[in-house]
Amino acid sequence: MMKTMSISVLGIIVGVVLVAILPPFLDGIARKVKARIQYRVGPPILQTYYDLQKLFGLPSLRPTENKWFRVAPYLALASAFSAAFLLPYGKWVPVKFSGDIVVFFYVLAMVSVAIIIGAFSTQNAHSNIGGHREMMMVLSVEPILGVALGIFAFKAGTLSLSAIPLKVPASFSTVLAYLLLIYAAYAESGFVPFDIAEAETEIAGGVLVEYSGRLLGVLEYAILAKRLVLLWLLSTFLTIPILRGIALTGVVGGIVVLAVQLILVLVAYPLIAALEATNARYRIDQAVALNTRIFLLSLVVLAVAAVGW
Amino acid sequence: MVTKECLAEFEDKFKGEIREKKFLTPTQILYLVDKKDLPDMAYYLQYHPEFDESYYVMGIGSDERQLAGKFAYAPVINMLDGSGKRENFYVILKARLDKDNPEFPSVAQKLPAALWAEREVRDLLGFKPLDHPDLRRLITPEDWPEGVYPLRKDHAYNASPAGELQDGYKKAPEDTSTVPIGPYHMALDEPAHFRLFVKGEEIVDVDYRGFYSHRGIEKIGEGRLTYNQIFYIAERICGICGFQHSSAYAMAVENIAGVEIPARAQYIRTILLEIERIHSHLLWAGVACHLVGFDTGFMYAWRIREEPVMWLAERLTGNRKTYGMNIVGGVRRDFLDYRKTEILDKMKQLKKDVEKLYNIAVSSDILIKRAKDVGVLPYKVAKDYGVVGPTARASGRNIDVRRDHKVFAYKDVDFDVPVYKDGDVLARLLVRLDEVLQSISIIEQAVDQMPEGDIFTPIGKLPPYQEALGYTEAHRGEVIHYVLTGTNNKVYRWKVRAPTYNNLAAVPEMLKGYRVADAPLIIASIDPCYACTERVQIVDVKTGKVKALNEAEFNDLSIKASEEL
Amino acid sequence: MEDVKISYTESLISWKRPDLRVGVPVTVKYPLVPTEKPPEYRGKPHIDPNVCIGCGACVRACPADALTAEWDLENGLKSIVSNPARCIRCGRCEEACPTGAMKLTLEFELATPNKEDLVEVVEHHLTKCKKCGDYTEFTERQVEKAFQILPKEIVDANALGEKMQLCRECRMEESVKILAAQGRIIGDPLLLPPQHAKGGEK
Ligand code: SF4
Ligand code: SF4
């Protein structure tokens, strides 16, 4: 599987820089947009950086001897970064090999798994309920994401994540797969109405409740990074098929594609914020019911794709 | 008066037990009765076939050893005719209890509404309700010594003895795990402790432990203040319905003094009561939105609460929240003339804003999904527990003190009392939003019709050892104050019953069978006000807190000191 | 699939904001910009030391013990002490004050590291007893004011002109003497007078 592995140093640099810098900035934009919808001035755009900076400077309380409690946030962050390395940035793909789509799928799930491990490593009832909810969410959303990616891979005839957008044909089933992907990315990111695992007003932060200081900072950072990865995946899948012609033509083309990807992300985030601001939170059973319905729908789409539409 | 013939049957049935009958006011009847048949009498009145909306209001315990050589326990029943044909009235069944052995047959064995009241008199006065189903501590903290009864007259108002720590929690049912909500929790604005016994996410049983923030207000009122100074502490019983409390107290004292307050004062009180209601309902709507993660609704509700409502309150009374307007005999300040048009303008603006809020809230499918068929409180349970206010009206109870007892200027204005049958959280939301629109209309009418004239009838010395009730319909339900005057312009016994006292007791019933995720919303749906409920006794708040944290569960966790990673 | 959300997006679009401030946030940069204070506002109480006569009516009315009277009978001083940190802004003192010296101001920004900074003290000199030379419980201004406002007939009828110059003990003695002279008290007048006004209210 690894025999065709290729590594782009430039891609790694771009990826690291983006994933390291962008998530708190995007969160800042979202906070500002939400504030404006609610007639507030809102915090400065850079507020999330300040928050994280503060958290990183604070020691963490340890509610348990369980070492997984300390490992989990770093595991989550590492997983989010690993997933980011499999995505194309303009022309450059940090790490690419045939079958990396499977790895992408797993490392993305690993973020949630790490959060769940952290949540269950303490005896706090709120934390456990949060972990339980996160698990239900992962189990019901990941299949949708899997099917959507599967359809793309099937249509494009490749198992390399970065190669799919270059090859995927326009067809009825791919259009539906896009919709599935949008839904799955949104739900998986835990935006309202899917912020069920944290649900501050119900279970006091759920999976996050026992975390504090630096560990909390790392965990929040991992969650933000995961959101960026999902959004970047989406923007890649939208941008590259359209700009396929110039995507591989030299440095300039690569930069143009990168810029378009970035702009798409910057545009999508405020829209998501607006959606968040105008929604209430689902109860876990309602969310799971909705996810199940959409999963069944996705199977239909898969069948459509298999038929060749 | 229709009341006579309706009561004839009652008086006939219990003729052997009734010692004396007294009209405190034309609509407040006090029976001095033998304690033996207290449960039957209360049951008979609550389930009176003609007064079908009647309910058990409160149980007053008082130490009248200095007056009559005995203790007194007095359940109060609000006699309401749902059809509106008969005049409604209050019945107080006062039973004297032996000074050395204050036993009485528990009313709670027949009426769940009396469960808390009788635990309260046990805690505070040392009464012994016989055959009470659940006599755990309610009010005194876990380390309060046995045999010390703070509301007895021989207990100093500032004495706070220490005792042994006891465990007062319900045992968790088999195969359940415990999810604590509180004593501190985002969804609770004040300390309170719900222990949810859950299987998975489903709530099987609930234990409530509260009264962490008692301030001993009744005792202070009885011991230290004069009747005109009590207003300022009555107003501070609650940060939301302060004016309701001060008006109810004023009404009780005015009933004793036998004065009719000037019409203009009645109108001013009415307007302010309604402004307070609007502010409270908007605040609540915001919190409800916040609890389901719908923050835009939250911000919107609070914004319109701030701009026209609190803004207006500040201009009419001199403060956003503690109005300080009441005095026995009327109100202390008049509105400035030019404020009249301002009120009307702001009400117009508010009406638009509230309709918008209504649209936002109702058009949010998820909000509706989260609130519908959740936390259902059936009519029968609502009646059994004597639930009041919007919580009761959302369960089909057609009760509203403003209309039923014609307090203040409400008799002169037209308004509807919204009643919903469903009994779920959504119904409670809708009742409140409807009420806001009704309140706006009440204010508009009152401002239009407001008569000129005095705002205050002076009264001199209060007659000693007279008693009466005062009541208003607060945002959460009936607020009722009982006052027994003492000598020297002091109050001998002042009993306050806030609406949450009745509503909270029914919350465990609403929670059973629903999910943990619903719990904060259900608890919040009665708009609980712990400060109101917990006014009764002096408690060392510090020990209360420490005990709460000392629970075995938190012990196990024993949070270790921070450690660099 | 996104159909669930359409209704919110729609409601967001159809949701008309108040015309005056489309998109303008309502957040006020409060400490940086002043807020409007209505004339009715009840803020920190303030005693005008030039008008106050030290009668203590406000002290008796205050339900929160924010106002106290302090006596220094050695040096003939009575101070009215107002502690706004205890004050609940009820306005009873303003109603009780006979001279209008006590007013609730519009001031409400009272944050301070030291609550003592807020305390206001108005010092009054007590008059001296014409007879024994001790200080009486009346302030100089109180006596002055009493003569100003009381009609002359009442002053004369009750011999207040005399009485107000005496301390409580001497006044009692005087009254007892007068009453005894009129035959309304039987027994030794000197056994009856109460305590001298040492200590005072608080
Ligand atoms: S406003 Fe009220 S509390 Fe404050 S000083 Fe005056 S009387 Fe006392
Ligand atoms: S009531 Fe007025 S005059 Fe008398 S002491 Fe108080 S402030 Fe001074």
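Bear in mind that the values here come from a model prediction, so they are computed numbers and not experimental data. Reckoned from all heavy atoms, side chains included, excluding hydrogens, waters and symmetry mates. Lettering of chains follows the sequences in order, A, B, ..., and the numbering in each one begins at 1.
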> Any side-chain donor-acceptor pair under 3.5 Å between Glu120(C) and His46(C)?
Replying inline: yes
> Which bit of Thr226(B) is near chain C, if near means a heavy-atom gap under 4.5 Å: side chain, backbone, both or neither?
Replying inline: neither
>> Please classify the contact of Glu95(C) with chain B as side chain, backbone, both or neither, using a heavy-atom distance under 4.5 Å.
In response: side chain
> Which bit of Ala61(C) is near chain B, if near means a heavy-atom gap under 4.5 Å: side chain, backbone, both or neither?
Replying inline: backbone
>> Does the structure place the NZ or CZ of Lys145(C) under 6.0 Å from the centre of the six-membered ring of Phe147(C), at an angle of no more than 45° from the ring's axis?
In response: no
> Is the NZ or CZ atom of Arg303(B) both under 6.0 Å from the centre of the six-membered ring of Tyr300(B) and within 45° of that ring's axis?
Replying inline: yes
> Heavy-atom distance under 4.5 Å to chain C: side chain of Arg236(B), backbone, both or neither?
Replying inline: side chain
> So, Asn326(B) and Arg332(B): side-chain donor and acceptor under 3.5 Å apart, yes or no?
Replying inline: no
> With a 4.5 angstrom heavy-atom cut-off, which part of Ile230(B) approaches chain C: side chain, backbone, both or neither?
Replying inline: neither
>> One thing to verify: whether Glu107(C) and Lys37(C) come together as a salt bridge, which I'm taking to mean a side-chain N less than 4.0 angstrom from a carboxylate O.
In response: no
